[in-house]
Amino acid sequence: MEVPAVTDDALIAAAVAGNGEAFGTLVERYDRAVYHLAYRTLHDVEEAKDATQEAFMKAYRALHTFRPGAKFSTWIFTIVYHACCDRLARRKRWSDTELPDRADPAAGPEALAEASDDARRLRAAIEALPEKYRTVITLFHLQGKQYEEIATVLDLPMGTVKTHLFRAKELLRKALGDTIAERGPQ
Amino acid sequence: MTDNELERALFALPLEEPPADLRRRILGATVYRPRLMFRAAEVWALGTVLAIMVWLSWYVMSGAPALAGKFGFIVTSVVAVIGAAFPTHAWLWLALGVSSTIWISQVSLMPARRRISDN
């Protein structure tokens with residue numbers, strides 16, 4: 001695993017001291033992952049962009065409150081996850097038909113069958129998951145097996161995170177197995 | 001598909017490609033955001049003074065017409081007192097003095113530059 005030349009803590013300290021470039025480096029390090037989480041949660045490019053920008057703005061304003069020793073990734077993921085939850089709640093308030101556990105209508109079995117390679121099939125299967133499982137699996141993808149970090153971001157007990165993860169994997173395996181079965185022997 | 005295979009596939013999955021303008025937007029909204037010309041305390045002070053002045057004007061003009069009349073009376077009284085302080089001929093001398101000062105300030109007493117043809 002590649003170790004970054006300058007640690008996140010050092011960059012945060014420099015940014016708090018007024019070094020804009022240090023914050024720019026943090027943005028470069030995490031914007032992709034943060035956008036990924038926002039997009040997986042919201043399923044909308046524009047909203048994901050707005051949520052990502054909002055998260056970095058909040059982080060920039062509250063950088064002086066960041067606890068040294070904590071993980072910046074967990075902090076920024078928590079902020080963006082809350083921003084996404086607010087957007088989903090707003091969506092639900094304005095639209096009776098839209099439910100928080102919505103599945104992407106484009107990612108049904110047909111869409112899965114059309115996916116040409118394994119990565120695309122896996123991506124489509126993740127998108128078809130209910131929102132709570134999709135978020136857990138996305139954070140698992142981003143943070144690895146750090147269950148405590150995932151639990152912190154989602155503000156859930158560790159046991160619930162593990163259960164959601166188990167069910168998410170089960171659903172993924174089923175979806176991917178179904179797709180393979182639908183494709184038939186090559 | 002085993003659990004290990006699924007995890008390997010998950011970790012090998014490339015992240016969603018962010019839109020090209022996202023980083024520029026984030027930096028524009030954070031580190032490159034133009035700073036305010038005033039400090040927060042100054043903005044609050046100016047805002048408070050402005051709000052008091054607006055409220056006072058509204059109060060004088062609409063809520064207390066008698067006060068508006070009083071204000072007008074005070075202004076005209078001050079002008080009248082200043083006017084009455086000097087007799088008419090004093091005002092005339094004052095006007096003459098002011099106009100003379102302006103006229104003299106416009107006159108140039110420097111000698112005119114000689115023309116070359118005069119030599």
Side-chain angles (χ1 to χ4, degrees), chain A residues 15 18-28 30-40 45-46 48-50 52-61 63 118-123 125-127 137-138 140-145 165-166 168-177 179-180, chain B residues 1-65 67-68 70-71 75:
Chain A
N19 185 342
E21 275 181 33
F23 189 77
T25 309
L26 281 171
V27 173
E28 275 174 33
Y30 292 102
D31 63 347
R32 200 167 176 191
V34 171
Y35 173 79
H36 184 82
L37 177 59
Y39 180 76
R40 285 269 166 261
V45 173
E46 282 308 311
K49 270 165 72 174
D50 289 346
T52 306
Q53 184 180 335
E54 188 186 325
F56 277 106
M57 278 171 71
K58 281 185 178 169
Y60 185 66
R61 276 194 228 116
L63 213 54
D118 287 350
R120 284 181 65 186
R121 281 191 304 123
L122 180 56
R123 212 185 282 273
I126 293 170
E127 283 183 15
I137 210 83
T138 304
F140 180 71
H141 175 202
L142 291 173
Q143 298 215 305
K145 292 178 183 180
L165 199 55
F166 175 77
K169 281 180 184 175
E170 221 173 39
L171 286 170
L172 281 181
R173 260 197 302 270
K174 191 172 177 288
L176 293 170
T179 319
I180 292 164
Chain B
M1 187 179 234
T2 64
D3 204 47
N4 277 344
E5 282 172 342
L6 179 63
E7 281 185 9
R8 262 203 303 275
L10 264 175
F11 293 136
L13 195 66
L15 294 185
E16 208 70 52
E17 197 60 49
D21 64 331
L22 182 64
R23 192 169 294 167
R24 191 178 46 79
R25 265 179 60 170
I26 293 167
L27 293 177
T30 52
V31 287
Y32 296 131
R33 191 179 190 159
R35 303 241 175 243
L36 284 174
M37 283 174 67
F38 298 99
R39 278 178 294 190
E42 290 170 341
V43 172
W44 275 105
L46 281 171
T48 308
V49 168
L50 196 67
I52 290 171
M53 285 177 72
V54 168
W55 173 80
L56 201 61
S57 306
W58 173 83
Y59 180 73
V60 169
M61 296 306 168
S62 65
L67 204 60
K70 272 185 189 171
F71 181 72
V75 171

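Throughout, protein chains are lettered first and strands after them, A, B, ... in sequence-line order, and every chain is numbered starting at 1. Worth knowing before you read on, the calculation uses all heavy atoms, side chains too, and leaves out hydrogens, waters and symmetry mates. Source: prediction; values computed, not measured.
No side-chain heavy atom of B/Thr30 sits under 4.5 Å from any side-chain heavy atom of A/Arg61. Taking the side chain as every heavy atom from C-beta outward, B/Pro18 and A/Thr52 never approach each other to under 4.5 Å. A heavy-atom distance below 4.5 Å is found between the side chains of A/Ile126 and B/Leu10.
Annotation for B/Thr2 and A/Arg173: closest pair C-NH1, 4.1 Å, computed over non-hydrogen atoms. Residues B/Leu13 and A/Ala119 approach most closely at CD1-O, 3.4 Å, considering heavy atoms. Shown here for B/Pro14 and A/His141, the closest heavy-atom pair between the two residues is O-CE1, 4.5 Å. When all heavy atoms are compared, the tightest approach of A/His36 to B/Glu16 is ND1-N, 2.7 Å. The heavy-atom pair separating A/Gly24 from B/Leu27 by the smallest distance is CA-CD2, 3.7 Å.
Neither the backbone nor the side chain of A/Leu37 comes within contact range of chain B; no heavy atom of the residue lies under 4.5 Å from a heavy atom of that chain. With a 4.5 Å cut-off on non-hydrogen atoms, B/Asp3 touches chain A through its backbone and its side chain both. Of the two parts of B/Glu5, neither the backbone nor the side chain holds a non-hydrogen atom closer than 4.5 Å to a non-hydrogen atom of chain A. If you measure heavy-atom distances from A/Ala33 to chain B, the contacts under 4.5 Å come from both the backbone and the side chain. Only the side chain of A/Tyr60 comes within less than 4.5 Å of a heavy atom of chain B; its backbone N, CA, C and O stay farther away.
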Worked verdict on B/Val31 versus A/Glu21 for side-chain contact (heavy atoms from CB on, under 4.5 Å) | CA-CA 8 Å; B/Val31 287; A/Glu21 275 181 33; over 6 Å; no

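Residues meeting the side chain to side chain contact (heavy atoms under 4.5 Å, CB included) test with A/Glu54, sequence neighbours left out: A/Lys58, A/Ala83, A/Arg87. With sequence neighbours left out, the side-chain hydrogen bond (donor to acceptor under 3.5 Å, both in side chains) criterion links B/Arg25 to A/Asp50, A/Gln53.
Chain B forms more heavy-atom pairs under 4.5 Å with one residue of A/Glu170, A/Lys49, A/Arg40 than with any other, namely A/Lys49.
Of the listed residues (B/Ile26, B/Leu22, B/Leu15), just one forms a side-chain contact (heavy atoms from CB on, under 4.5 Å) with A/Tyr35, and that residue is B/Leu22.
In this structure, CZ in B/Arg23 is found 9.0 Å from CZ in A/Phe56, a value given to the nearest 0.5 Å.
Under the 6.0 Å cut-off for aromatic ring centres, A/Phe140 and B/Phe11 qualify, their centroids lying closer than that.
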